[in-house]
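Throughout, protein chains are lettered first and strands after them, A, B, ... in sequence-line order, and every chain is numbered starting at 1. Just the heavy atoms: all of them, side chains too, but no hydrogens, waters or symmetry mates, feed the values below.
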2 protein chains.
Amino acid sequence: MPVTIKDVAKEAGVSPSTVSRVISNHPRISPQTTAKVKKIMDELGYHPNMLAKSLVMQKSKTLGIILPRPAEELFVNLFFSEFIRGIVAQASRIGYDLLMTSGVTQMDEADAITKLVKGKKVDGIIILTSRKKDPVIKLLQEMKFPFVVIGRSDEFENILSVDNDNIKAATDVTNYLISIGHKRIGFVSGPAHLIVSQDRLTGYTEALKAAQLETKPEWIVEGEFLQESGYLAMSSIMSLENRPSALIVTDDLVAYGVLRGLTELGYKVPEDISIISFNNITISELTNPPLNSVEIGIYQMGYTASQLLIRSIEDGVDSKRELIPHRIITRQSCAPLLEK
Amino acid sequence: MPVTIKDVAKEAGVSPSTVSRVISNHPRISPQTTAKVKKIMDELGYHPNMLAKSLVMQKSKTLGIILPRPAEELFVNLFFSEFIRGIVAQASRIGYDLLMTSGVTQMDEADAITKLVKGKKVDGIIILTSRKKDPVIKLLQEMKFPFVVIGRSDEFENILSVDNDNIKAATDVTNYLISIGHKRIGFVSGPAHLIVSQDRLTGYTEALKAAQLETKPEWIVEGEFLQESGYLAMSSIMSLENRPSALIVTDDLVAYGVLRGLTELGYKVPEDISIISFNNITISELTNPPLNSVEIGIYQMGYTASQLLIRSIEDGVDSKRELIPHRIITRQSCAPLLEK
DNA sequence: CCTCCCTATGAAACGGCTTTCATTTTTTTG
DNA sequence: CAAAAAAATGAAAGCCGTTTCATAGGGAGG
C-alpha cells in the first residue's frame, strides 16, 4: 500500500491532476495550492511511481549498457570502474540511472539489446567496445535507437561516439620516441578485431612513415590485452638481430608482461630498450621502472558519453564525435638514445 | 509506434487477454491459438513493454546498486568490475537487470535509495560496503525493503549478507605466519569505520592471543586503501627497535606501498621481513616479489549476492548469511623464520 | 434431448501517472 | 456593472499490460 498521487489528492482536497501539476511545477497552479500539496506530500512521504510515470511519458530516464563478454572484458576490466563512475556521475546529475544487463549466453548480446530497447526499459544505450563491423552498432542503427559508442565505427559515420584520437595518440607517442633519438621502434598491439588496436597501429605506422623511418613487420606483434601477451612477445622481438631500441605497447598490463620478459632475458629498461604504453592504469606507476604511458581520460570518456547520449535523447542530436584529449605521462621507462 | 499487445491481438483475430495468456503460457489456451499468436508476434516483432508489465505486476525484475562515493570507492575500485560481473551474470540468468545510480552530491546516498525504492524502479538493493552503524542499512531495514549487504552489519542480525569470514581469514593468515616460524607479527589495517577492517583486525588479534604471542599497539597501523598508506606505514614500523618479522597487510595495493617503502629503506622481502596481504587483485602477482595474498572470491560474492537477493524477493527469505570461502595464495613474499 | 460441467476465450477493470479539454472562479476592461 | 479574458482546477481518457469474472460452445451423463 504505497502512497499514490490519489492519496495525496484526497488528503489535500484537490484532484490528482492538480497534484501531478504541482510535482511538475506547472505554472498555472496557485502558490497556496502548491504549498498545501507539497506539505501533504512530505507528510505522507510520497514519491512518484517511476514506472507509471515512465509508461505514460514514454521514457524511462534510464541509460542502458551491455556488459562485455568476459573475453572482451579483458580490455575494459581495468578501467571499467572508472568508466562507470563517469557515466553514472553525469547521468545522475541529469536525473538518469544506468541499467546494466548481459546476454545469458555469450551469443545473445543482440537479444539483450532488443529486449531493453523494445521493452522500453532504457532511453539510450552505451556501447563500451567497438569491434570492426560491429553487429551491435548495426542493430541499433537499424532500430534508430539512441546510442553512443566508446570508440568509433568503421561502418557508420553519422553516429554518436566518444573516443580518443587513437591515431594521433599513437603518432604522438611514436614522435616522442623519435624526438629522444629512437629510430628503430617496435609495437606490441592488441587484438586486431578491435578498432582501438587498428587505430593505434595506424598512428604508429604513419608517424614512422612521416619520419622516413624503417618499419619492419617483425617489429610488430599482435596479442591480447593480457600481460602474458607482452611477456611472450619479448622472446621473439629480442631475438631479432636488428631489434628495436624502443617499444610501444598497447596497454599497461601488457607492458608489465613486456617488462617481466625483458628482465628475465637479462635486459634493463630503459638502458637497453625504452618502453611506453597506453591507458595509464594504476599498474603503470607501480612497475619497475615506472612506465611512461598515455593517459586517455577514462572518467571523462564515461562522463562525456553519458552527456552526449542524454542530449541525443532529449534534443535529438544524432551525429557527433567527441574526442577526449590524451596526455603522455613521462616516468622512467624511456631513455634518450644517443647517436652511435 | 511500437507494436503492442493490441496490435498482435487484432492481427491474430483474438483478444488482448488471449495474447497475454499466450505470452505467459497460460494452460487453458488451445495449441492452435497459441501457435497462431506466436507466429504473429514473430512477424510483427513484438516485445512486451516492460514498464507496463512492471506497473501491473508490481515488480520490475531489476536489482539496484548505489555507486560508492569516490572516497569509499577506493576499496571497491579494484575489484568493482569483478563484483559487477558476478552480480549481473546471475541476475541475467534469472531474468533480472541491474540498475545503478548514485547520489548527486556526496550526501544523498539515502535519497537515491529512497527514490529507487519508492519509485518502484527496483525490487531489491545490493549494498557494496558495510560501515559501522551504516545508516543505509538502517534505512532499508526500516522500509522493510529486500536488500543484501556485501559484508555484514554490526547492528542487525536478521538481514541478508554475503561476506568472507574475515575474522577467520585473518586468523588463518596469522596462523600461517606463525606456522612458518614468525612470532612478531604486525598489521597494516584499513579505515576503522569499515567493518571489514575491524573483522580482519579481530582475527589477527585473536590468533595472536590463542598462540600466546605478543601484540604491540605500535605494530598495528591504520590507513586508507591506498598504496601511499602502506608506504608511510613503513617508516614508523621499521624504525621500531623491536620490530615485526612479518606483516599482514589489509589489501594488495597497500601492500605494494609497503613493498616500495621497504625497498627504499633498504630492506629485502622476504629475507628481512615477510609480507602477506588480502584480496589478491591483479597487482599482487605483478609485484616484486610476488605477494602472498588471500583470494576472497569476488566474482562469487557478486554472484551469490544476486542469487540471495532474488530468492529473497521471490520467496521472502529475509535473513541469511552466506560466507564465501577464502584461500591463501602462496607466492614469494613470505619466508620461514628460523630460530635464532 | 436436456442439464451440467469443462474448456477456450472475451470484456472490462485496474496499476499510477500525465495531459487535453472542459468548467468554474477570478480578474480585467469598456 | 456586464461582458470578456485570464487563471485555477477538475474529469476523463490514455499509456500497455494482467487478471477476474463472465460467456459461449462442446461433450458427458441421465
Base, sugar-phosphate, or nothing: which does A:S17 touch, judged by heavy atoms less than 4.0 Å apart? base
Nearest to the side chain of A:A52 - D:dG17, C:dC17, C:dG10? C:dC17
Which nucleotide in the list D:dG10, C:dT9, C:dT18 gets nearest to the side chain of B:S30? C:dT9
Of all the choices, D:dG10, C:dG16, C:dC17, which nucleotide is nearest to the side chain of B:L55 once you look at every atom? C:dG16
From C-beta outward on A:R21, which listed nucleotide comes closest to its side chain: C:dA8, C:dT20, C:dC17? C:dT20
Between the main-chain N or O of A:S54 and the side-chain N or O of A:S60, is there a donor-acceptor pair closer than 3.5 Å? no
Identify whether the distance between the nearest side-chain nitrogen and carboxylate oxygen of B:K138 and B:E142 falls below 4.0 Å. no
Under 4.0 Å between a side-chain N or O of B:S15 and OP1 or OP2 of C:dG10? yes
Are OP1 or OP2 of C:dT19 and a side-chain N or O of A:S20 less than 4.0 angstrom apart? no
Minimum-distance nucleotide (side-chain atoms of B:I5 versus D:dT18, C:dG16, D:dT9): D:dT18
Spacing of A:K118 atom NZ relative to D:dG17 atom C1', expressed in whole Å: 17 Å
Return yes if some donor-acceptor pair links the side-chain N/O of A:T62 with the main-chain N/O of A:V122 below 3.5 Å, else return no. no
A:T33 near the nucleic acid: base, sugar-phosphate alone, or nothing, with a heavy-atom cut-off under 4.0 Å? sugar-phosphate
Proximity to the side chain of B:N49 - top-ranked nucleotide from C:dG16, D:dC16, D:dA11: D:dC16
Nearest to the side chain of B:I29, which nucleotide is it out of C:dG16, C:dT9, D:dT9? C:dT9
Please tell me which of the listed nucleotides, C:dT9, D:dG17, D:dC16, lies nearest to the side chain of B:R28? C:dT9
Heavy atoms under 4.0 Å, any strand shown: does B:M57 hit a base, just sugar-phosphate, or nothing? sugar-phosphate
Using a 4.0 Å heavy-atom cut-off across all strands, classify A:V19 as base, sugar-phosphate, or nothing. nothing
Hey, does the side chain of B:Y46 come within less than 4.0 Å of D:dG17's phosphate (OP1/OP2), counting only N and O? yes
Once you apply a heavy-atom cut-off of 4.0 Å, does B:G13 come out as touching a base, just sugar-phosphate, or nothing? sugar-phosphate
If I take atom CG in residue A:D7 and atom C1' in nucleotide C:dC17, what distance separates them, rounded to the nearest angstrom? 13 Å
Within this structure, what is the CD1-to-P distance between B:I23 and D:dC16, rounded to whole angstrom? 14 Å
Working note: B:E155 + B:I137, criterion side-chain contact (heavy atoms from CB on, under 4.5 Å); need CA distance, chi angles, decisive distance, verdict. CA-CA 9 Å; B:E155 296 182 285; B:I137 294 180; 5.9 Å; no
Any donor-acceptor N or O pair under 3.5 Å, side chains B:T101, B:K115: no
